[in-house]
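One structure below.
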Amino acid sequence: MTRHALLICLALPAAGFAVDFNRDVRPVLAQHCFKCHGMDDQGRKGKLRLDLRDSAIGKGKSGELAVVPGKPDASEVIKRVFSTDEDEVMPPPHTKSVLPESAKNILKLWIAEGAPYEAHWAYVPPKQAALPVAGMHPIDAFIQDRLKKEGLQPSAEADRYTLVRRVYLDLLGLPPTPAEADAFVNDKAPDAYDKLVDSLLASKQYGERWARRWLDLARYADTNGFEKDRPRQIWPYRDWVVRALNADMPFDQFSIKQIAGDMLPKPTPEDLIATGFHRNTMLNEEGGIDPNEYRFYAMVDRVSVTGTTWMGLTMNCCQCHTHKYDPILHTDYYRTMALLNNASEPTYFIPTPEVAAQQKAQVAKIAKLEAELPAKFPGGKAAMESRFAGWMEGESHRASKWEVIRPTKMATTMPHLEQQADGFILGSGDISKSDVYDLSFKAPIKGVRALRIEVTSHSSLPNDGPGLTNYEGPLGGFFMSEFQALQNSKRVKIARAEDTNEDEDDRISDSAAGAPKAKAKAAAKPKKKNNAAATLDGEMSSGWQVLGGYGVQHAAVFHFDQPVDLTNGLDLKMLFEKHFACPLGHFRISVTTSDHAEATGLPAEVEEALATGDKSKHDMLLRSFLETAPEMEKTAKPLLIARKTPPRGQATLVMEERPANNPRITHRYHRGEYLQPKEEVTPGVPAFLPALPKDAPANRLTFAKWLFAPDNPLTARVTVNRQWQAFFGRGIVKSLEDFGYQSDPPSHPELLDWLAVDLVKQGWSMKKLHRLIVTSATYKQSSRITPEHAQKDPENILLARGARFRLDAEVIRDSALKAAGVLSPKMGGPGVYPPQPASVTSEGTYGKVEWKTSEGEDHYRRSLYTFTKRTAPFAMATTFDAPTGESCLAKREVSNSPLQALTLLNDQMFVEAAQAMAKQVMAESQSDEERLQNIFRRVATRPAAPDELSMLKAFLQKQRERKIEGEALWADVSRAALNLDEAITHP
């Protein structure tokens, strides 16, 4: 009998066989028929569609009736599946999809009974059935009712040592110490177990345990992935998950904040941090890539992750075509993408009271440093006033009066430009490797001799700007390849250009002496590749470049060959082209009629005061002089540094909805190809599911709330099933990520629905759900397998015994550290670097990445806090099947390899744990037997049985015969104990 047939038989009522479409028929059609006769109209054969009854009972391409209700022998489907003719049989031999005899008979019996269709069980809202046994624990009522029908008896309750170890590992991801285990075993109160459960649910370590499972879904890692795989700052999101789980934040709120926390009314910093969920996508920083192509792939990832995490749908199948098995259209996929696609991805600096206090102190420090400058001028007040007068005279000769002009029209290839009140233009949105800004101006100004472009930093830009570069190139910088001016579509000749990047030290020295020599010096110097003049040379490889950072302020001045009349209008074209995307982000255009204009390097307000002789700006001018005078260089340096380095909160990656005037358009992509965008799509959800509310905007927030709407049939079931798998090693639906037509049917459908409804009734509380599970007799059963279990239910689908499976990688490592008595309780903060072979990150990855092993308590932090590099993940975790963070993982594979045993024996981390355990055991116990029991209990919780103790004594004696004594002897025993199967297995 096939495994599928076994599952069907297990699901049948004991009273006898009755064909059920969802349980018996749909799995057969989904596995063998829907690929060619299902939802995908592009791949459909013979114009026959079997997923809909109206189509199935109609005529196919051949004119024959595919399904004739009540008449299987007259149905073409039955003729084809039973045919022995290779040209007629279905499925065709070339598909390698062989239909078992049991499946053929199911189809025949189904048609004989009228070929009824039903909605797929997962797509109908769950309802709570009455408990099969009144007054019993709800889980036990359903499980034991099913066991009774199958002729099985539940196992006895596990012994108390096993039980305490199991519930500690499940709820905290850590084993109990021998003292903690004894406290429970010796507590004879009838509610001892309930009190233990409540104490574990209240522990801060609960959030750390369950955060690790959630981070598998969130594809969390501390680096960007792909070739360069550089570090990223997103650990505050990981810590938010821990806090939210410890606070038992309702799962609906927990989810909504992660999908659209930025769109909540008055979002808090915590709400913004939560949106890091969808910032965990990988980021490609290679020089040869198209950033918008990889942003598209990031959106593909987000749709897939959302489908897996909350909907239990394999949405990724529809990137290229309509789903072959489930009722998800190709356009449904991109409509769902459109809901998630209208967000920017900024770096957020988390505000805290401590940061606010630091910022306040910084403001006071700057004010103090400014006030102290006059008194520190060499030679005293008289010398300062003399030098200041000379500076004023020299700079006044150089200064020009500039007038800000505002564009009457702005057009770009991709970025969004917005005029600001102060005349600056602010850029945002998507960027490419070749962006063009076309700006049109018209003003009542004649005789314009020069044009100035000021660029300054802005808090909304990457690294504060002034550019929009956000990958590969200098973060927050820009690179203007070419600059052109046009009137009436004809080029306006620009004679020359200079910028304030050019040898500012010389400029300061010359102007301080009162002699305007900067022009002559600039002309005498060789041309540089990255300056304003290079924007006029017609070469894309050269241009004006400014690097990003807080407080950046530069300007470029372009001199017209002949005066320009702005009453006739002026068009400016700026080209930003490089091997990375590099457009401007914050700039302002000014013009002057002065015949001696130049890029003075002075702030605009200072140059204006000098040009107009504004006496009211004396203090501002004096401060500018003092900050730039050569003799004040060392004195002014602390002030300039203080201005450039404002205190900021911890950085983290977040989502931010784009402004209403700059929405991102989503297209359907033919065959999922980025280079083949087709028609625009409107935001929406798959058509077979309940629609979004008509009175709400179709956006991320509405979508997030829709996932938890009362009529949404998926989210509660998917969530409950995933939690169930964590405790029992297998979900009620085995495929945690797939509730579609190809999934195995639920082993206990009524229980799944009861739990799903109860989760909603309990306010989406995970802790209440976990408490319900671990207080059931089903959970507390012994995991010892009997011959009857092995014969009737080898996979333990019916749960006649407790679940036994290998522990997760992080639980194995953390358990060893706790057994050794060295596990640090420190929570949160940046990733740490436990010991591992240096070659893991230095060989076979881009560049040479040094793994600097953490010291102090960071050496022994929980595995949740281990720094995760996607291209070279922590070696021990990989050995034990932990994810890399490259993709969403609903369920980890569980392997069993010799390398795992070698790791437990020889990995530096486990050797150190064994050495630490040996020290503590030697200090706590005196006799061999006491020490051996102490080691065994630290590792396995329970006392060693007499035969086990004898084996440990024999091992101890062999080591002594090898002349191993003292701490090394007991470290060897500890290493052996840490390698026991029981040390790494769910009891």
Side-chain angles (χ1 to χ4, degrees), residues 26-27 29-45 49-52 55 119-120 122-123 217 219 259 278 281-282 293-342 664-692 698 700 703-704 706-707 712-715 717-718 733 735-743 886-890:
R26 192 191 298 278
L29 296 177
Q31 183 175 355
H32 299 283
C33 307
F34 283 171
K35 184 176 182 179
C36 298
H37 302 294
M39 287 63 64
D40 186 3
D41 55 357
Q42 298 296 318
R44 194 176 300 135
K45 307 297 184 183
R49 185 171 180 177
L50 293 176
D51 62 307
L52 297 178
S55 300
H120 183 50
Y123 304 153
L217 294 164
R219 64 267 188 250
I259 298 172
H278 271 319
T281 47
M282 295 199 294
E293 179 181 8
Y294 279 86
R295 202 199 65 76
F296 168 73
Y297 295 146
M299 291 310 308
V300 167
D301 170 69
R302 288 167 188 167
V303 174
S304 175
V305 169
T306 303
T308 296
T309 303
W310 287 283
M311 303 167 72
L313 297 177
T314 51
M315 294 284 287
N316 52 309
C317 295
C318 302
Q319 177 188 347
C320 305
H321 50 71
T322 290
H323 208 294
K324 298 293 186 183
Y325 306 103
D326 297 334
I328 312 173
L329 303 176
H330 188 39
T331 49
D332 286 341
Y333 178 88
Y334 289 101
R335 295 189 71 210
T336 305
M337 179 182 285
L339 289 165
L340 301 169
N341 196 25
N342 196 38
R664 183 182 283 122
I665 303 301
T666 303
H667 296 268
R668 178 183 67 83
Y669 288 83
H670 179 61
R671 299 179 63 85
E673 291 284 350
Y674 169 69
L675 295 178
Q676 296 192 57
K678 298 300 181 182
E679 73 278 6
E680 181 181 338
V681 297
T682 56
V685 295
F688 74 95
L689 292 171
L692 294 173
R700 264 188 304 131
F703 177 50
W706 171 86
L707 289 169
N712 189 317
L714 292 169
T715 308
R717 280 192 182 108
V718 170
V733 179
S735 52
L736 305 191
E737 74 289 350
D738 186 5
F739 273 44
Y741 291 170
Q742 284 206 303
S743 66
E886 293 173 291
S887 59
C888 172
L889 193 66

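Between Tyr123 and Tyr741, the two ring planes are tilted [angle within 30° to 60°]. Ring orientation note: the planes of Phe703 and Trp706 are close to parallel, at an angle under 30° on the 30°/60° scale.
Taking 4.5 Å as the limit, some side-chain heavy atom of Lys35 sits within range of a side-chain heavy atom of Tyr325. Within the 4.5 Å cutoff, side-chain heavy atoms of Pro686 are placed close to those of Thr336. Inter-residue side-chain proximity for Val300 and Asn316 is flagged as unmet; no heavy-atom pair is nearer than 4.5 Å.
Side-chain atoms of Thr314 and Asp738 include no donor-acceptor pair closer than 3.5 Å. For Thr281 and Arg219, the side-chain atoms include no donor-acceptor pair closer than 3.5 Å. Between the side chains of Thr306 and His278, at least one donor N or O lies within less than 3.5 Å of an accepting N or O. Residues Arg295 and Asn341 have side chains that bring a donor and an acceptor to within less than 3.5 angstrom of each other.
We find the CZ-CZ distance between Arg44 and Phe34 to be 11.0 Å, quoted to the nearest 0.5 Å. To the nearest 0.5 Å, atoms OG (Ser304) and CD (Gln319) are separated by 9.0 Å. In this structure, Thr308 OG1 and Leu889 CG are separated by 9.5 Å, a value rounded to the nearest 0.5 Å. Separating the CE atom in Met315 from the CE atom in Met337 is a distance of 9.0 Å, to the nearest 0.5 Å. With rounding to the nearest 0.5 angstrom, the CD atom of Glu737 is 11.0 Å from the OG1 atom of Thr309. Summarising the geometry, atom CZ belonging to Phe739 is positioned 8.0 Å from atom CZ belonging to Arg717; distances are rounded to the nearest 0.5 Å.
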Name the atoms and distances for all side-chain donor-acceptor pairs under 3.5 Å in residues 669-682, with sequence neighbours left out.
{"unit_1": "Glu679", "atom_1": "OE1", "unit_2": "Arg668", "atom_2": "NE", "d": "3.3"}
{"unit_1": "Glu679", "atom_1": "OE1", "unit_2": "Arg668", "atom_2": "NH2", "d": "3.2"}
{"unit_1": "Glu679", "atom_1": "OE2", "unit_2": "Arg668", "atom_2": "NE", "d": "2.7"}

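Here the closest non-hydrogen pair linking Thr322 and Ile328 is CG2-O, 3.5 Å. Pairing each heavy atom of Gly684 with each of Leu339, the nearest pair is O-CD1, 3.3 Å. When all heavy atoms of His120 and Arg26 are compared, the closest pair comes out as N-NH2, 3.0 Å. Of all heavy-atom pairs spanning Leu217 and Cys888, the tightest one is O-SG, 3.3 Å. Heavy-atom minimum distance, Pro683 versus Ala338: CA-CB, 3.7 Å. Smallest separation of non-hydrogen atoms from Pro690 and Pro713: CD-CD, 4.1 Å.
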Using the rule given for side chain to side chain contact (heavy atoms under 4.5 Å, CB included), can you reason through Met311 versus Leu707, listing the C-alpha separation, both sets of side-chain angles and the distance that settles it, and then say yes or no?
CA-CA 8 Å; Met311 303 167 72; Leu707 289 169; 3.7 Å; yes
List the steps, then state whether side chain to side chain contact (heavy atoms under 4.5 Å, CB included) holds for Val685 with Asp332.
CA-CA 6 Å; Val685 295; Asp332 286 341; over 6 Å; no
Would Ile259 and Trp310 count as a side chain to side chain contact (heavy atoms under 4.5 Å, CB included) here? Give the steps.
CA-CA 11 Å; Ile259 298 172; Trp310 287 283; 3.7 Å; yes
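Distance alone, capped at 3.5 Å, places no donor-acceptor pair between the His323 side chain and the Leu329 backbone.
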